[in-house]
Amino acid sequence: MALIVQKFGGSSVADAARMRNVAGIITETYKAGNDVVVAVSAQGDTTDDLIEKAREINPDASKREMDMLLAAGEQMSAALLAMAIEKLGFPVVSLLGWQAGVQTDSHYGMAKIKTVSSERLTAELAKRNIVIVAGFQGINKYEDVTTLGRGGSDTSAVALACALRADKCQIYTDVDGVYTADPRKVTGARKLDEITYDEMLELATLGAQVLHNRSVEMAKKYGIEIEVLTSLERKPGTIVKENAKMEKMLVRGVAKDTNVARISIVGLPDTPGVAFRLFDRLAQKKINIDIILQSVGRDGTKDITFTVAGEQADEAMAALADMGNANVVCDRDVAKVSIVGAGMETHPGVAAKMFEALYDKSINIQMIATSEIKVSVLIARGDADKAVQAVHDAFIK
Ligand code: ADP
Ligand code: ASP
Ligand code: MG
């Protein structure tokens, strides 16, 4: 007998038929003699609809109240899924995040899981119950409901798997695995049998929405393998693990992120301490900076350009409202396109090949960032889809 954690995303439970389908997968796993704990997302577009409802009432609602509202989506789907399993005649209990012991910090809207106290979960499993946990949510030290950030149910599932030392963690979604690029948008995208934690973490962080990046970070830390697979067919998916087969690929995947803005400060004094003071201001407002570019000083001045997540652009601009003689401009019409692959570390020329693919399509590169296993470029948003396809064509046959 094994302990299996399964996660079902919004599209997998979008309507009654899909709920019944998922109930079938869960009860088959249970019937095979396993303990089963499930993390479930809100149905279909429920989270977006709730955000829209809030906007109609108060576009500046506090993050605490937004979390209170958004957590309701997962409460509904957890109860409905439990009902579908009851109907099949199996013992089941649904739990909210706090009932399942999911404790988080107090960063409303983007909370981090601190611990999962597993007593209740263990007690329910000892009664041979199937346990359905509302994903995406937890509770903080003030006993307020928190949410984990969009796509956070993946992280709920991995956290449950880590806390319970599960034998398997399966993330069921609407594609049959992790692909070399978004299979809905890129022709020729290939399904991967395996991918390393590091590559998946980069891809997820750089815009491949198939897994929440924190879920990959946590899985790596605790050594939990994740399988990404479809709830619509019974077939193996992609395994995310420490060491994955290389499959002779230099580039394991291409990702696109349009949730990005570029901020330039032009005409800063070319003296020591300028970058420190600038980025310290942003750090104090908890604004995450991504790519940074500083020009060579000329005539006593220099320029600094950096990128931030789209939703932090306004806060960043406000923090830089008073920059003396320097001019601050923000461009939201940009996108980041990245290639990721553990193989590129030992192969020179990968970046050049990416830039050539972009040049062939006359796409201008605004900024570049690299690490051992990735190359990212910032380009005009209107070029993003064309760029992803061109770069994918260049590397993945
Ligand atoms: P869920 O609701 O199950 O959490 P998501 O919509 O969050 O599902 O994630 C699945 C989607 O991720 C797919 O439908 C696909 O369009 C998108 N996606 C983006 N990049 C990739 C990739 N490299 N491999 C697979 N899917 C990807
Ligand atoms: N329902 C939440 C969202 O739409 C969490 C999730 O689906 O993982 O972002
Ligand atoms: Mg998701």
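Each ligand, and each atom within it, is numbered from 1 in the order the structure gives. Fair warning: this is a prediction, and the values are worked out from it, not measured in the lab.
Ile25 and Val228 sit in two unconnected hydrophobic clusters of ILVMFWY residues. Membership requires side-chain heavy atoms under 4.5 Å apart, directly or through other members. Cluster annotation: Met200 is connected to Val186 through the hydrophobic network of ILVMFWY side chains, with a link wherever side-chain heavy atoms come within less than 4.5 Å.
The main-chain N or O of Leu192 is found under 3.5 Å from a side-chain atom of Thr238 such that the two form a donor-acceptor pair.
Considering backbone and side-chain N/O of Lys7, none are found under 3.5 Å from N/O of ligand 2. Where the criterion is an N or O separation shorter than 3.5 Å, residue side chain and backbone included, Gly151 meets it with respect to ligand 2. Here's the thing with Asp154: none of its N/O atoms is less than 3.5 angstrom from an N/O atom of ligand 2.
Residues Lys256 and Thr258 form a side-chain contact, since some pair of their non-hydrogen atoms from C-beta on lies under 4.5 Å apart. Looking at heavy atoms from C-beta onward, Lys7 lies out of side-chain contact with Gln170 at the 4.5 angstrom threshold. Side chains of Thr147 and Tyr108 form no contact here, defined as non-hydrogen atoms less than 4.5 Å apart.
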Need the list: ligand 1 N/O atoms against protein N/O atoms, distance under 3.5 Å, rounded to one decimal.
from, atom 1, to, atom 2, distance (Å)
ligand 1, 2 (O), Gly10, N, 3.3
ligand 1, 3 (O), Thr173, OG1, 2.7
ligand 1, 4 (O), Lys7, NZ, 3.0
ligand 1, 6 (O), Gln209, NE2, 3.1
ligand 1, 8 (O), Thr173, OG1, 3.1
ligand 1, 14 (O), Asp174, OD1, 2.8
ligand 1, 14 (O), Asp174, OD2, 3.4
ligand 1, 14 (O), Arg184, NE, 2.8
ligand 1, 14 (O), Arg184, NH2, 3.4
ligand 1, 16 (O), Asp182, OD1, 2.8
ligand 1, 16 (O), Asp182, OD2, 3.2
ligand 1, 16 (O), Arg184, NE, 3.3
ligand 1, 23 (N), Tyr179, O, 3.0
ligand 1, 24 (N), Tyr179, N, 2.9

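Note on ligand 2: Gly152 sits in its first shell, one or more heavy atoms being nearer than 4.0 Å.
Listed by first and then second residue, the ring pair (Phe, Tyr, Trp, His ring centres under 6.0 Å) pairs that reach into residues 238-289 are Phe279-Phe306, sequence neighbours excluded. Listed by first and then second residue, the ring pair (Phe, Tyr, Trp, His ring centres under 6.0 Å) pairs involving residues 355-382 amount to none (not counting sequence neighbours). Sequence neighbours left out, not one pair with a member in residues 240-261 passes ring pair (Phe, Tyr, Trp, His ring centres under 6.0 Å).
Of all protein heavy atoms, the one closest to atom 6 (C) of ligand 2 is Ser153 OG, 3.4 Å. Scanning the protein for heavy atoms near atom 4 (O) of ligand 2, the closest one is Arg150 NH2, 2.9 Å.
Set against the non-hydrogen atoms of Glu74, the atoms of ligand 2 under 4.0 Å away are 1 (N), 2 (C), 5 (C). In summary, the atoms of ligand 2 found under 4.0 Å from a heavy atom of Ser41, numbered by their order in the structure, are 6 (C), 7 (O), 8 (O).
Interatomic distance, Ile113 CD1 to Ser156 OG, rounded to the nearest 0.5 Å: 5.0 Å.
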